[in-house]
Protein chains: 2
Amino acid sequence: MEQLDREIVELLVKDGRMSYTDLGKATGLSTSAVHQRVRRLEQRGVIKGYTALIDAESVGLAMTAFISVKPFDPSAPDDIAERLAGIEEIEACHSVAGDENYILKVRVATPTELELLLARVRSVAGVSTRTTVVLSTPYEARPPRL
Amino acid sequence: MEQLDREIVELLVKDGRMSYTDLGKATGLSTSAVHQRVRRLEQRGVIKGYTALIDAESVGLAMTAFISVKPFDPSAPDDIAERLAGIEEIEACHSVAGDENYILKVRVATPTELELLLARVRSVAGVSTRTTVVLSTPYEARPPRL
DNA sequence: TCTGAAAAAATGTAAGA
DNA sequence: TCTTACATTTTTTCAGA
């Protein structure tokens, strides 16, 4: 990817609402030029979307946990990710190398909700789980170096 | 938190670049009313910022991994998160309950970079590490139910 | 792929209920 | 805390290099 596109992406990761006018000033391009580039980056799927970063606690999602998941029947075809996709508490699902097959990142309000969620995960996907509760998050969603 | 604020937050999580005009139409408020509410949500820290969601592969960060971290000397005061804060490859740092003290989410370009990163993490923070490599990510950064 | 121009739309501020 | 009004800024499109 081109240097100019890298700069634009980096700026939009740091501030997803930055105006094309300001992006132009920061990159030395005209407003229309950055605008065109951003559109292309979106079309190519380099930029997948934009989101507001939320303080989970203040919207009532005080508990975060990582759930490692392993199928009861390892010989069955693996459709675990699809089966779990409908569970909205799951923020992310990663297929991983190692003892377990997937790591899920989940957010809930209370320990009771986590308990219910674990039961749902196990029954929906036919998996055993190992749960790591997050106590605090010193930092998260930091912009990568491009 | 009020229902109207929840709606606004939910909309901005789904589309961080949504205009105040459209937010107004979606919530039944005037443009300036949503504008004021969004400003208050930002000031209160409910909305921490805005970001573009990037396809990591297309910017050359093809490897994601979770690194679980445990201090060599568990009796030493825990400043691990601060010590690691300077390492830009670390996207997130969570303090967790369980066998290990922290889980880091990192992004790098190659296995060699991961190897070098692990050495840096260990020496900077005085920790042992256990690394889980992500093979693929079925989904990530899904908007929560509010 | 860029620039510059111009119309259309959104933002930001203020007055008033 | 809301609305309406309005000046300012930004977005968006397009012709041309």
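Every chain is numbered from 1 and lettered A, B, ... according to where its sequence line falls, protein lines coming before strand lines.
Residues from residues 39-48 of chain A with heavy atoms under 4.0 angstrom of DNA chain D, sorted by number: A:R39. Scanning residues 20-28 of chain A for heavy-atom distances under 4.0 Å to DNA chain D yields A:Y20, A:T21.
Note that B:R39 lies outside the cation-pi zone of B:Y20, set by a 6.0 Å cut-off to the ring centre and a 45° limit from the axis.
Computed from coordinates, the A:R17 CZ to C:dT11 P distance equals 7 Å when rounded to whole Å. Between the P atom of C:dT1 and the CG atom of A:L4 lies a distance of 11 Å, rounded to the nearest Å.
Of all heavy-atom pairs between B:V121 and B:V127, the closest is O-CG2, 3.7 Å. When all heavy atoms of A:L53 and A:A141 are compared, the closest pair comes out as CD2-CB, 4.2 Å. Closest of all the heavy-atom pairs between B:R107 and B:T64 is NH1-OG1, 2.8 Å. In terms of heavy-atom proximity, B:G45 sits nearest to A:D55 at O-CB, 3.3 Å. Listed here is the closest heavy atom pair of B:A81 and B:C93: CB-SG, 4.0 Å.
The span of DNA chain D lying next to chain A, judged by atoms under 4.0 Å from heavy atoms, is bounded 5' to 3' by D:dT10 to D:dT13.
Put simply, the side chain of B:S32 and the base of C:dG12 share no donor and acceptor less than 3.5 Å apart.
Atoms CG and OH, on B:L12 and B:Y50 in that order, are 5.0 Å from each other to the nearest 0.5 Å. Taking CD1 from B:I54 and CG from B:L61, the interatomic distance works out to 10.5 Å, rounded to the nearest 0.5 Å.
For B:H35, taking side-chain heavy atoms from C-beta onward, the closest of the listed nucleotides C:dT11, C:dT3, C:dG12 is C:dG12.
Crowding of A:E42 atom CD: a count of heavy atoms from other residues, nucleotides or ligands under 6.0 Å exceeding 12. Remark: A:E115 CD is loosely packed, at most 12 non-hydrogen atoms of other residues, nucleotides or ligands lying under 6.0 Å away.
Using a 4.0 Å heavy-atom distance criterion, A:S30 is classed as a base contact.
Ion pairing between A:D5 and A:R44 holds under the 4.0 Å rule for side-chain N and carboxylate O.
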